[in-house]
Student: 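Here's a structure for you.
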Amino acid sequence: MRKLIKDCDYVLLLLEENGLVTREQVEAAKESALSGDGTEDAIDKLRKSGAVSEENLLNMLAQQYGMEIIDLDQYDIPADVLSSLSTEVVRYYGVIPVMRHDDILTVAMSDPTDVEKLDTIRYLMNGDVEAVIASEEQIRRAIEKYYREADSSAEKVADDKDMAESDLVIEGTKEGEFGGFGAETEDNTPILRLVQKLIIDAYNMRASDIHLEPMEKRYRVRYRIDGALREVNGPPKYLQANFTSRVKLMARLDITEKRIPQDGRIKCSIGDKDIDLRVSSIPTIFGESIVMRILDKASIQLDVPKLGFYADDLDMVNKIISYPDGIFLVTGPTGSGKTTSLYAFLNTINTPARKLITVEDPIEYQLPGINQVQVDRHVDMTFASALRSMLRQAPNIIMIGEIRDLETAEIAINASLTGHLVFSTLHTNDAPGAVTRLVDMGVKPFLVATSLRAVMAQRLLRRICPQCKAPYEPSAAEARILNLTPEYLANHQFYKGKGCRACGHTGYKGRIGIYEIFLVTEEIGKLIFANETSGTLRDFARRNGMRSLRDDAMRKAEAGISTLEEVIFTTLRDEN
């Protein structure tokens, strides 16, 4: 389908003023275009009827806009110039780069009235771009001639992967969903198939994230599996621009903007599984680095006992989440399973007799029976503003995705003091550190002591692969780091995975949570009120029975669930 002239009325006026057509011909062409299906404008009708030739039209536009006309059929475009724009950008905008001189890129276009298109390409190039005029048919032939090799290469790579496209369905790949640029046409299917294969492979390998990282001489692809990054075969470097454009289009990001970070989302299904991909793009020196986080709605664990708690910790957690009011915080770094734990807690206490509201950024999974609110800073829907409005909804239980500032913390505390049970997260290394973090934000110690019921720090420990699990003797270094005595080692058997096909030869398959639960008792409340340090709080809690993250990890290593190596790596900052 021909791309219509941007400023059709102005060009019609020029044609009439230059004596190339009559007023009657213009009116007839307009009427014909209006009665048509919208695929042709009045200029198309004039050309089709023979009222004006392509040559006369181009000569008039060139003279009017002070541009040169280029005969692409007689012009040889250098390879380094062609690489300035990706295949998808060239095909979508209907332009082709023809030369570069003094850091100025010259592109051939058929519609010089479309100045927005030229500005967009300047954004894409982050530099100066000039235009020359060529017929639309010549541009189409040149694109087929010069960019066919990149499409063929992508087709070959996609075919080599032996992937059935029906395995994955991406929402919005039908024509028009991406403003016309995302249609599954013969032109862009190879790149789309490569992206589909990448997503399917990541899903089948149980990856939580896909990392697309442009290096100087290669395009690196890594999957995060069980918390560890693993490099896999990626597309060749020369397909980087095409690959990046395709992913950004699927995530509905602005492909013309390469200078600032962007976030988006891809909704798709693999077989009968609904999958969400959270997409983050950030500019780097060698191109845009993209991370896609895989959110499998079917895999989220909403059963608290299956999170990895031992019986004593499970009893403690069930007691905490049954409190009528107060704040329960879950702490840990990004990717430590905090959101999964909170969702499991909410799912457990979600009954028809209670009203539950959450405010999240973003909403990772939709929970039935729970009112979930998405943060949107573009309309001033922050955690604090959403929380204020939520309290007017008379909820029994509130979940705040994260307490990031004093305003949010104060509203959460006030809510807990007025009869609400509040769940939230903080980024701290251990559970007692949450108290210090709140005080550092500006919350008064007496408010923390009064409102805080408990803090749970957590990490994810890799499980030993059950298919290659075998006993082993801990090394001297492991025994030294973990303070394991010869008597202790003599009475305990430890295991590790040898590595097999099932676990990708890593020795690990899956993860389990380890937990540190800090209960705010009356004695600890007094210490918080006295503004004692987190170290003092931690020492007191340990003396009174609190197990550290390393203690819980060691219990799971002793049970043959994980390895001592994993215990050391995961709890390196944890002090005994």
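Because the structure is predicted, anything quoted here is derived from the model rather than measured.
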Student: Can you tell me if M381 has over 12 outside heavy atoms packed within less than 6.0 Å of its CE?
Tutor: no

Student: Taking atom types as modelled and ignoring hydrogens, do the side chains of N242 and S245 form a donor-acceptor contact shorter than 3.5 angstrom?
Tutor: no

Student: Which residue, T428, L426, I400, forms the side-chain contact (heavy atoms from CB on, under 4.5 Å) with L329?
Tutor: L426

Student: Would D361 and R404 count as a salt bridge (charged side-chain N to carboxylate O under 4.0 Å, His left out) if you check the C-alpha gap in whole Å, the side-chain angles of each, and the deciding distance to 0.1 Å?
Tutor: CA-CA 12 Å; D361 183 24; R404 299 178 179 175; 3.8 Å; yes

Student: Output all residues satisfying salt bridge (charged side-chain N to carboxylate O under 4.0 Å, His left out) with R230, sequence neighbours left out; order by chain, then residue number.
Tutor: none

Student: Is D226 salt-bridged to R206, cutoff N-O under 4.0 Å?
Tutor: yes

Student: Out of curiosity, Y508 OH to R462 CZ, how far, rounded to the nearest 0.5 Å?
Tutor: 5.0 Å

Student: Does K197 pair with D201 as a salt bridge, N-O distance under 4.0 Å?
Tutor: yes

Student: So, taking the atom named CD1 in I199 and the one named CD1 in I275, what distance separates them when rounded to the nearest 0.5 Å?
Tutor: 10.0 Å

Student: So does R453 pair up with D325, basic N to acidic O under 4.0 Å?
Tutor: yes

Student: Quiz question: by atom type and distance under 3.5 Å, do the side chains of D405 and T408 form a donor-acceptor pair?
Tutor: yes

Student: Return the minimal non-hydrogen interatomic distance between G560 and I464, and the atom names on each side.
Tutor: O-CD1, 3.7 Å

Student: Please walk me through it: do R511 and R463 pass side-chain contact (heavy atoms from CB on, under 4.5 Å)?
Tutor: CA-CA 5 Å; R511 291 190 288 178; R463 291 176 178 265; 5.6 Å; no

Student: Can you list every pair that meets salt bridge (charged side-chain N to carboxylate O under 4.0 Å, His left out) and has a residue in residues 328-345, with sequence neighbours left out?
Tutor: none

Student: Where is the tightest heavy-atom contact between A457 and L549, given as atom of each residue plus distance?
Tutor: O-CD2, 3.6 Å

Student: Residues in salt bridge (charged side-chain N to carboxylate O under 4.0 Å, His left out) with R265, at least two apart?
Tutor: D276

Student: Any non-hydrogen side-chain atom of V448 less than 4.5 Å from a side-chain atom of L452?
Tutor: yes

Student: What are the two closest non-hydrogen atoms of A409 and I403, and how far apart are they?
Tutor: CB-CG2, 3.7 Å

Student: Got a sec, which residues hit salt bridge (charged side-chain N to carboxylate O under 4.0 Å, His left out) with R547, two or more places apart in sequence or on another chain?
Tutor: D312, D313

Student: Take Q240 and K237 through the side-chain contact (heavy atoms from CB on, under 4.5 Å) test and state the conclusion after the steps.
Tutor: CA-CA 5 Å; Q240 174 182 317; K237 176 70 174 178; 2.6 Å; yes

Student: State whether the side chain of S385 and the backbone N or O of D380 hold a donor-acceptor pair below 3.5 Å, judged by distance alone.
Tutor: yes

Student: Assess whether atom CZ of F540 is packed by more than 12 heavy atoms of other residues, nucleotides or ligands within 6.0 Å.
Tutor: yes

Student: Could you tell me which non-hydrogen atom of A344 sits nearest to which non-hydrogen atom of L307, and how far apart they are?
Tutor: CB-CD1, 3.8 Å

Student: Any donor and acceptor pair, going by atom type alone, linking the side chain of N414 with main-chain N or O of E410 inside 3.5 Å?
Tutor: yes

Student: Report yes if the side chains of H420 and I397 come closer than 4.5 Å at any heavy-atom pair, otherwise no.
Tutor: no

Student: Verify the distance criterion only: is there a donor paired with an acceptor across the side chains of Q366 and Q372 at less than 3.5 Å?
Tutor: no

Student: Mind checking whether P305 and L314 have side chains closer than 4.5 Å, heavy atoms only?
Tutor: yes

Student: First locate atom OH of Y495, then atom SG of C465, and finally report the distance between them rounded to the nearest 0.5 Å.
Tutor: 15.0 Å

Student: Which atom pairs, donor and acceptor, lie under 3.5 Å between side-chain atoms of residues 215-222 and protein residues at least two apart or in another chain?
Tutor:
from : atom 1 : to   : atom 2 : distance (Å)
R218 : NH1    : E231 : OE2    : 2.5
R220 : NE     : E213 : OE1    : 2.8
R220 : NH2    : E213 : OE1    : 3.1
R222 : NE     : E213 : OE1    : 2.9
R222 : NH2    : E213 : OE1    : 3.4
R222 : NH2    : E213 : OE2    : 2.9

Student: Less than 4.5 Å apart, any side-chain heavy atom of I517 and any of V455?
Tutor: no

Student: Check whether T244 reaches the backbone of A241 with its side chain - one donor and one acceptor, N or O, closer than 3.5 Å.
Tutor: no

Student: Can you tell me how far apart CG (N347) and CG (L342) are? Round to the nearest 0.5 Å.
Tutor: 12.5 Å

Student: Are the aromatic ring centres of Y323 and F328 under 6.0 angstrom apart?
Tutor: no

Student: Evaluate the side-chain proximity of I294 to I210: yes if any heavy-atom separation is below 4.5 Å, no if none is.
Tutor: yes

Student: What residue among R542, R538, R459 forms side chain to side chain donor-acceptor pair (under 3.5 Å) with E516?
Tutor: R538

Student: State, to 0.1 Å, how close V247 and I266 come at their nearest heavy-atom pair, and which atoms those are.
Tutor: O-CD1, 4.2 Å

Student: So, using salt bridge (charged side-chain N to carboxylate O under 4.0 Å, His left out) as the criterion, who are the partners of K556 when residues are at least two apart?
Tutor: D552

Student: Where do P261 and P283 come nearest, in terms of heavy atoms and distance?
Tutor: N-CD, 3.9 Å

Student: Establish, from distance only, whether the side-chain atoms of E558 and Y488 form a donor-acceptor pair under 3.5 Å.
Tutor: yes

Student: Quiz question: by atom type and distance under 3.5 Å, do the side chains of S424 and E402 form a donor-acceptor pair?
Tutor: no

Student: Less than 3.5 Å apart, any donor N or O on the side chain of T563 or Y472 sitting next to an acceptor on the other?
Tutor: no

Student: Are the charged groups of K248 and E288 less than 4.0 angstrom apart, N to O?
Tutor: yes

Student: To the nearest 0.5 Å, what is the distance between CG (N371) and OG1 (T358)?
Tutor: 8.0 Å

Student: Taking the six-membered ring for Trp, is the centroid-to-centroid distance between F309 and Y515 below 6.0 Å?
Tutor: yes

Student: Please evaluate residues T536 and D539 with respect to the criterion side chain to side chain donor-acceptor pair (under 3.5 Å), reporting the C-alpha separation (whole Å), side-chain torsions for both, the decisive distance (0.1 Å), and the verdict.
Tutor: CA-CA 5 Å; T536 301; D539 290 341; 5.8 Å; no

Student: Apply side-chain contact (heavy atoms from CB on, under 4.5 Å) to Y203 and K273, showing your working.
Tutor: CA-CA 10 Å; Y203 177 79; K273 300 288 184 66; 3.3 Å; yes

Student: Please walk me through it: do K355 and I357 pass side-chain contact (heavy atoms from CB on, under 4.5 Å)?
Tutor: CA-CA 7 Å; K355 183 179 180 69; I357 303 182; 3.9 Å; yes

Student: Does H427 reach the side chain of T331, with side-chain heavy atoms less than 4.5 Å apart?
Tutor: no

Student: With the side chain counted from C-beta on, respond yes when F494 and E565 share a heavy-atom pair under 4.5 Å apart, and no when they do not.
Tutor: no

Student: Is it the case that more than 12 heavy atoms not belonging to E473 sit under 6.0 Å from its CD atom?
Tutor: no

Student: How long is the straight-line distance from OG of S280 back to CZ of R293, given to the nearest 0.5 Å?
Tutor: 11.5 Å

Student: Side chains of T571 and I514, heavy atoms from C-beta outward: is any pair under 4.5 Å?
Tutor: yes

